[in-house]
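Okay, so here's the structure we're looking at.
Chain A is the first sequence line, chain B the second, and so forth, proteins listed ahead of strands; every chain is numbered from 1.
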Number of protein chains: 2
Amino acid sequence: MIFNRTTEYAFRIMSFLASDKEKLHNTSDIFDALHIPFRYLRKQMTVLTKTGLVVSIQGKYGGYMLAKKEKDITLWDIVIAMHDKLFETNCFFGYEKCALSQHCMMHSRWAGVKEMIENILKTTTLEDFKKENMHDLIKMSDQ
Amino acid sequence: MIFNRTTEYAFRIMSFLASDKEKLHNTSDIFDALHIPFRYLRKQMTVLTKTGLVVSIQGKYGGYMLAKKEKDITLWDIVIAMHDKLFETNCFFGYEKCALSQHCMMHSRWAGVKEMIENILKTTTLEDFKKENMHDLIKMSDQ
DNA sequence: TATAAATAATACCTAAAGGTATCATATATG
DNA sequence: CATATATGATACCTTTAGGTATTATTTATA
Ligand code: SF4
Ligand code: SF4
């Protein structure tokens, strides 16, 4: 896997919240759309809230909404916020650090892969998903 | 992480075996070079043997060697043999399958990433590492 | 053929991620 | 101000990957 499951959940949750930025979405709404395990979803919503990407309103008629404009939240922001260890190491072989004086053949190739992924994540914002109507997309397809 | 740790170990082990294809390398030799946890290394060597990528000789003065020519073993072969779930799903969001009639914006972008990684893995053989003298490379750097 | 040195098989342990359950706290509204 | 309904905090359980320990089997050679 490239992203861990929890980060994938976060992508979907954030996309869903972007589908109507102004509305307050409660956990049941999100569950109905995404079918992420309910109690785990509850937990992850408070995690997302603590990251600052999402704002929560407590109490009756409470719920969640994006903390910033869709165009100001990138997928990269989400990966970072979720502490996904996607790029924990630079080394293709998983070495913490390489003591070699000159890089092996994989180093630059792998740097290319990293760069491509980072570039996609950094240039894709939730605004793009809104355009694509990810709301409907996500609703139809679970498991 | 992109590859799991065990697959990274396998890359290193196979590169090391490629450093001298004819010689029989026993677990202690491999351990001295790679410092993969010894007993886990032992276990993984029999796993690699069962995949058919490696041949083992049992008994005194036994050990391991590559089952095929270096140029005939790709990194992709290793990933497959280790059952790494790198590309378990096509979907950026981790969906098993997408019921949407037309793909979302991430689909083709993500397909591009997959294709790039697959292409590197499928076109890189152990022969390439031999040229690079990966043996020395791996020896110097652990943890 | 006994022994030493290697791999094979198997069972078990540990750490981290994913997921569940319970109770506490906040808040709109009658 | 009581209640219903929402999130927050916390503890615990489950699954999987990674790692360890023990015993069995193989085989070269003295
Ligand atoms: S040179 Fe090769 S072994 Fe060293 S850090 Fe880069 S990819 Fe890893
Ligand atoms: S179209 Fe989008 S949601 Fe559907 S499988 Fe492709 S990436 Fe996943």
Side-chain angles (χ1 to χ4, degrees), chain A residues 1-13 17 23-32 34-67 79 82-86 88-89 93-94 142-143, chain B residues 1-13 17 23-32 34-67 79 81-86 88-89 94 142-143:
Chain A
M1 132 217 38
I2 294 189
F3 304 109
N4 64 38
R5 180 172 298 191
T6 304
T7 298
E8 288 171 353
Y9 287 166
F11 287 147
R12 290 162 62 186
I13 292 164
L17 293 182
K23 189 170 166 261
L24 215 52
H25 303 269
N26 68 23
T27 311
S28 295
D29 293 339
I30 303 171
F31 175 77
D32 289 343
L34 306 185
H35 291 90
I36 293 163
F38 188 80
R39 289 167 189 278
Y40 194 57
L41 175 59
R42 288 272 314 277
K43 194 195 230 175
Q44 290 312 126
M45 290 315 300
T46 78
V47 169
L48 281 169
T49 301
K50 282 186 187 160
T51 68
L53 293 176
V54 162
V55 167
S56 75
I57 306 292
Q58 291 190 50
K60 196 169 182 180
Y61 303 115
Y64 303 92
M65 58 188 297
L66 297 182
V79 171
M82 300 306 288
H83 300 111
D84 193 301
K85 308 207 183 65
L86 177 58
E88 195 175 34
T89 176
F93 294 94
D142 45 86
Q143 60 97 23
Chain B
M1 134 216 39
I2 294 190
F3 305 108
N4 64 38
R5 180 172 300 191
T6 304
T7 297
E8 288 171 354
Y9 287 166
F11 287 147
R12 290 161 62 186
I13 293 164
L17 293 183
K23 188 168 168 262
L24 216 51
H25 303 269
N26 68 24
T27 310
S28 295
D29 293 339
I30 303 172
F31 175 78
D32 288 343
L34 306 185
H35 292 89
I36 294 162
F38 188 80
R39 290 169 189 276
Y40 193 58
L41 174 60
R42 288 273 314 277
K43 192 194 232 175
Q44 290 312 125
M45 290 316 300
T46 78
V47 169
L48 281 169
T49 301
K50 283 188 188 158
T51 68
L53 292 176
V54 162
V55 167
S56 75
I57 306 292
Q58 291 190 51
K60 198 169 182 181
Y61 304 114
Y64 304 91
M65 58 188 297
L66 297 182
V79 171
M82 300 307 288
H83 300 111
D84 193 301
K85 308 207 182 65
L86 177 60
E88 196 176 33
T89 175
D142 45 85
Q143 61 94 24

Residue met sooner reading DNA chain C from 5', once B:Tyr64 and A:Pro37 are mapped to nucleotides: B:Tyr64

Heavy-atom closest contact (A:Phe93 atom, B:Glu8 atom, distance): O-CB, 3.5 Å

Closest non-hydrogen atom pair, A:Tyr61 against A:Leu24: O-CD2, 3.6 Å

Along DNA chain D (nearest heavy atom to each residue), the more 5'-positioned of A:Thr46 and A:Lys43: A:Thr46

Side-chain N,O (A:Thr27) to OP1/OP2 (D:dT7) below 4.0 Å: yes

Shortest non-hydrogen contact from A:Leu34 toward A:Arg12: O-NH2, 2.7 Å

B:Tyr61 OH to D:dT29 C1', straight-line distance once rounded to whole Å: 7 Å

Interatomic distance, B:Phe31 CZ vs D:dT20 P [rounded to whole Å]: 10 Å

Atom-to-atom span, CZ of A:Arg42 to P of D:dA11 - whole angstrom: 17 Å

Nearest non-hydrogen partners of A:His25 and A:Lys23, listed with the distance: CD2-O, 3.4 Å

CA sep, side-chain torsions, deciding dist, call: A:Leu86, B:Ile2, side chain to side chain contact (heavy atoms under 4.5 Å, CB included): CA-CA 6 Å; A:Leu86 177 58; B:Ile2 294 190; 4.1 Å; yes

Selection from D:dT10, D:dA17, D:dT26 that lies nearest to any side-chain heavy atom of B:Lys85: D:dA17

Atom-to-atom span, CZ of B:Arg39 to P of D:dT23 - whole angstrom: 12 Å

Candidates D:dT25, D:dG8, D:dG18 - which lies nearest the side chain of B:Gln58: D:dT25

Heavy-atom pair of closest approach, residues B:Phe3 and B:Asp84: CA-OD2, 3.7 Å

Boundaries of the chain B footprint along DNA chain C (any atom under 4.0 Å from a heavy atom): C:dA4 to C:dA11

Sugar-phosphate, base or nothing in reach of B:Phe38, heavy atoms under 4.0 Å: nothing

Atom pair distance, as rounded to whole Å: CG in B:Asp84 and C1' in D:dA17: 12 Å

Rounded distance (Å) that lies between atom P of D:dT14 and atom CZ of A:Arg5: 18 Å

For the student: nearest non-hydrogen atoms of A:Ser56 and A:Thr49, plus distance: OG-CG2, 3.7 Å

Touch class at under 4.0 angstrom, heavy-atom based, for A:Thr6 against every strand present: sugar-phosphate

Whole-Å gap separating C1' (D:dT16) and OH (B:Tyr40): 11 Å

Gap between atoms CD and P, on B:Glu8 and D:dA17 respectively (whole Å): 15 Å

Pairwise 5' ranking along DNA chain D for A:Lys50 and A:Lys60, keeping only the more 5' one: A:Lys60

